[in-house]
Participant: 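To start, I am sharing the structure in question, which I have written as structure tokens.
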Amino acid sequence: MPTAKKPRPSIQDVARLAGVSLGTVSNVLNNPDRVRAETVLRVTKAIEQLGFVRNDAARQLKAGRSKTLGMVVLDIANPFFSVLARGAEDAAAQEGYSIILGNSSDDLRRESRYVSLFDEQRVGGIIISPVDAATETVATLRARGTNVVVVDRHIDAAIGCSISVDDFAGGRLAAEHLLSLGRKKLLFVGGPLDFQQVADRLAGATQAVKTFEGTATIEHFKTTALSVLAGREVGDKIAALPKSEWPDAIFAANDLLAVGLLQAFMFKSQVQVPGDIAVIGYDDIAFAEAAIVPLSSIRQPAALLGSTAVELLVEEIESASSHKHRQITYQPELVVRASTSN
Ligand code: RIB
């Protein structure tokens, strides 16, 4: 029979064991410099002996404002989001805040569960890289008085702050780079297109091909995921085609897809990169440079996206009366490596 769990020691238990008042224990916890050293020592010993852990959530609620932020990212397995979350966490620590991180895995129900959890915990605010347009989510949270900032997606200033990268410009950069190599049969690999980031990248690449002063085409190979496995599956299908049907350049919607394509080409087929097919990705995660063929990519300032989101959220929490919602859009950067070097 499992033994009944002992109740957590309370602040009353600490006061009783140390032989002091509740107020003295509270002072030792919150303002130890106001308490005689001997008393601090006595209370500290009682806390350690009992294994007392303060209920910071209740304390912060009493103070009216939590120093904890909630953060939900689309896919924590994607290094782009782990670097973004790290940038946010470093900025939060500098401002005296902590972050509780959740992963939606591109699933709206999981995202909603985390948003509800953070709201019930009365966090100071929420940062979200949303599965969808996020308009409804943000409006609902605001209506409940919850501060929220959207990252990796652009939203209307009327409903809140957002920090993102100009993915249309990024897509155009990628395609223009491939065209500059003399490649003429481009293939965009990525999806689903209800990810605005992916749709914008394709749109930018399509515009580059349309305005190209020469003959070039761009096709779209839709995927249901933005993962290494999805990239490998597409790579296998392309490699199985007759060589005459291969594209001569691939723009992958993100680096994970591109890494999967490289694995399929280099390990399981005769496709040479960049000789037969030049490949460029998006994000410039650490695996891009370390890939079997160092991968060209369109760099997003992931850590900066995260730290900027925290700065805007903390400003909204601490200076609500003067805060003005704004949209911050960073520009992407072309990084050229072996996978597109003629
Ligand atoms: O979540 C899919 C992609 O969107 C990531 O790789 C990153 O590019 C984000 O903007």
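Computed over heavy atoms, backbone and side chain alike; hydrogens, waters and symmetry mates excluded. Both counts, for ligands and for their atoms, begin at 1 and track the order of listing.
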Participant: Do L29 and I11 make a side-chain contact, defined as non-hydrogen atoms from C-beta onward lying under 4.5 Å apart?
Facilitator: yes
Participant: Please list, chain by chain and in numerical order, all residues satisfying side-chain hydrogen bond (donor to acceptor under 3.5 Å, both in side chains) with T24, sequence neighbours excluded.
Facilitator: S21
Participant: Any side-chain heavy-atom pair from Q197 and L74 closer than 4.5 angstrom?
Facilitator: yes
Participant: With respect to R201, determine whether any N or O atom, backbone or side chain, lies less than 3.5 Å from an N or O atom of ligand 1.
Facilitator: yes
Participant: Can D13 and S10 be counted as having a side-chain donor-acceptor contact under 3.5 angstrom?
Facilitator: yes
Participant: Quick one, F265 and I277 - any side-chain contact, counting heavy atoms below 4.5 Å?
Facilitator: yes
Participant: Starting from atom 6 (O) of ligand 1, find the nearest protein heavy-atom neighbour and note its residue, name and distance.
Facilitator: D283 OD2, 2.6 Å
Participant: If you measure from each heavy atom of D75 to ligand 1, is any distance below 4.0 Å?
Facilitator: no
Participant: Would you check the N or O atoms of D152, main chain and side chain alike, for any that come under 3.5 Å of an N or O of ligand 1?
Facilitator: yes
Participant: Compute both the distance and the angle, then confirm whether R8 meets the cation-pi test with F52: under 6.0 Å from the six-membered ring centre, within 45 degrees of the axis.
Facilitator: no
Participant: Taking non-hydrogen atoms only, is N78 closer than 4.0 angstrom to ligand 1 via side chain, backbone, both or neither?
Facilitator: side chain
Participant: At the 4.0 Å heavy-atom cut-off, does F81 count as touching ligand 1?
Facilitator: yes
Participant: Under 4.0 Å from a heavy atom of N254: which atoms of ligand 1 are those, numbered in the order shown and with their elements?
Facilitator: 6 (O)
Participant: Can you tell me the protein heavy atom closest to atom 2 (C) of ligand 1 and the distance?
Facilitator: L226 CD1, 3.4 Å
